[in-house]
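Structure first, commentary second.
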Amino acid sequence: MFEFSSDFDPNSLPSWLSESSLESRWKILSAFSFPNINTHISLVLTDDESIQELNRVRRGKNYATDVLSFPLSFDLIPWELPPNKKENFGPILSLGEIVISWDTCKAQAKSIGHSEEDEFFRLFVHGFLHLIGYDHERGEEDEALMKEKEDLCLDLVLGP
């Protein structure tokens with residue numbers, strides 16, 4: 001299952017940010033990461049003011065950020081990508097919620113020099129990896145591993 005909510009008028013967003021378009025890309029990533037497992041993820045698109053408040057309340061950091069992740073199933077031990085084992089999670093595996101600031105996404109895309117779509121999916125994949133236990137803030141080795149997995153997942157989501 002894929003749920004998408006946004007603080008923005010859908011008519012003001014690019015077509016690739018429609019729920020159906022996002023869900024189709026999620027299905028590719030989910031099928032690769034959790035073959036034959038029903039997953040659930042929630043994605044929220046918000047502005048800098050709202051993400052700053054979430055960051056302050058949930059993490060004690062009073063500034064806007066690009067992406068926040070709130071995992072439900074994995075925390076300290078990352079899920080192997082690609083998976084090398086079968087695991088029974090029950091009827092559905094709820095991964096958690098990803099919150100992306102559309103304001104910061106657009107600004108970062110401009111400053112980096114790539115498209116808003118590329119930046120959005122970079123943030124989405126980054127948030128997804130946090131949901132499944134990867135964390136670049138644990139040290140250099142974990143940062144390198146997360147970067148490797150980001151590249152792998154981005155290739156899947158963005159396609160050739």
Side-chain angles (χ1 to χ4, degrees), residues 1-35 39-55 58-59 61 63-74 78-83 93 95-160:
M1 288 178 46
F2 178 84
E3 291 181 52
F4 175 64
S5 58
S6 171
D7 293 340
F8 300 93
D9 175 358
N11 296 321
S12 72
L13 297 172
S15 60
W16 53 263
L17 264 177
S18 69
E19 185 164 9
S20 61
S21 178
L22 294 170
E23 184 173 19
S24 68
R25 296 195 197 202
W26 164 246
K27 285 180 178 177
I28 294 166
L29 187 56
S30 179
F32 168 76
S33 305
F34 298 97
T39 59
H40 176 267
I41 192 169
S42 175
L43 173 63
V44 177
L45 188 67
T46 193
D47 58 20
D48 278 350
E49 183 180 338
S50 296
I51 208 166
Q52 179 175 346
E53 180 65 7
L54 275 172
N55 204 19
R58 297 294 298 273
R59 299 179 65 226
K61 298 180 179 191
Y63 54 83
T65 189
D66 50 6
V67 61
L68 292 172
S69 298
F70 302 105
L72 292 176
S73 300
F74 300 92
W79 180 249
E80 182 94 17
L81 289 179
L93 173 60
L95 297 173
E97 184 169 75
I98 299 170
V99 181
I100 295 175
S101 169
W102 183 229
D103 298 335
T104 299
C105 176
K106 292 186 294 184
Q108 286 179 176
K110 187 175 183 178
S111 107
I112 292 168
H114 60 212
S115 72
E116 292 173 354
E117 184 176 13
D118 285 351
E119 181 63 11
F120 175 85
F121 284 105
R122 187 188 68 78
L123 297 175
F124 178 73
V125 163
H126 186 89
F128 166 70
L129 289 172
H130 277 298
L131 291 184
I132 63 170
Y134 292 88
D135 193 346
H136 54 90
E137 295 179 1
R138 289 190 192 128
E140 288 181 19
E141 190 174 305
D142 286 343
E143 184 176 2
L145 178 61
M146 189 164 174
K147 173 69 173 114
E148 174 189 319
K149 300 305 178 183
E150 271 184 5
D151 292 344
L152 173 69
C153 292
L154 274 172
D155 286 346
L156 290 168
V157 170
L158 293 175

Original post:
Taking only residues two or more places apart in sequence, or in another chain, which ones meet K147 in a salt bridge (Lys or Arg N to Asp or Glu O under 4.0 Å)?
Top reply: D151
Original post:
Hey, does D66 have a side-chain heavy atom less than 4.5 Å from the side chain of R122?
Top reply: yes
Subject >> Partners passing side-chain contact (heavy atoms from CB on, under 4.5 Å) against K27 (at least two apart in sequence or in another chain) >> reply: E23
Subject >> Heavy-atom side-chain proximity of E97 to E3 below 4.5 angstrom >> reply: no
**OP:** State, with a plain yes or no, whether a side-chain heavy atom of W102 is found less than 4.5 Å away from one of I100.
**Re:** no
**OP:** Evaluate the ring planes of F121 and F124, with Trp represented by its six-membered ring, and classify them as parallel (under 30°), tilted (30 to 60°) or perpendicular (over 60°).
**Re:** perpendicular
**OP:** Compare all side-chain heavy atoms of W26 with those of L43 and state whether any distance is below 4.5 angstrom.
**Re:** no
Original post:
Taking atom CD1 of I41 and atom CG of L93, what is their separation to the nearest 0.5 Å?
Top reply: 10.0 Å
**OP:** Could you tell me which residues satisfy salt bridge (Lys or Arg N to Asp or Glu O under 4.0 Å) with E143, sequence neighbours excluded, listed by chain and number?
**Re:** none
Original post:
Going by the side-chain hydrogen bond (donor to acceptor under 3.5 Å, both in side chains) test, which pairs reach into residues 6-15, not counting sequence neighbours?
Top reply: D7-T46
Subject >> Pairwise side-chain contact, I51 with T104, heavy-atom cut-off 4.5 Å (strictly under) >> reply: no
Original post:
Within a strict 4.5 Å, meaning less than it, do heavy atoms of the M146 and H126 side chains meet?
Top reply: yes
Original post:
Rounded to the nearest 0.5 Å, how far apart are CD of Q108 and CG of L123?
Top reply: 6.0 Å
**OP:** Could you check if a side-chain atom of L45 sits within less than 4.5 angstrom of a side-chain atom of L13, using non-hydrogen atoms only?
**Re:** yes
**OP:** Can you sort out the partners of S69 under side-chain contact (heavy atoms from CB on, under 4.5 Å), two or more places apart, ordered by chain and number?
**Re:** I98, H130, L131
**OP:** Only counting residues at least two apart or in another chain, list the ones meeting side-chain contact (heavy atoms from CB on, under 4.5 Å) with D47.
**Re:** F8, E49, S50, D103
Original post:
Who are the side chain to side chain donor-acceptor pair (under 3.5 Å) partners of R58, not counting sequence neighbours?
Top reply: none
**OP:** Using the test side chain to side chain donor-acceptor pair (under 3.5 Å), find all partners of E117 that sit at least two apart in sequence or belong to another chain.
**Re:** R25
Subject >> Results of side-chain contact (heavy atoms from CB on, under 4.5 Å) for S33 - residues two or more places apart only >> reply: L29, L81, F128
Original post:
Under the salt bridge (Lys or Arg N to Asp or Glu O under 4.0 Å) test, which residues partner E116, sequence neighbours left out?
Top reply: none
Original post:
Taking only residues two or more places apart in sequence or in another chain, which ones pass ring pair (Phe, Tyr, Trp, His ring centres under 6.0 Å) with F120?
Top reply: W16
Original post:
E19: what forms a salt bridge (Lys or Arg N to Asp or Glu O under 4.0 Å) with it, not counting sequence neighbours?
Top reply: none
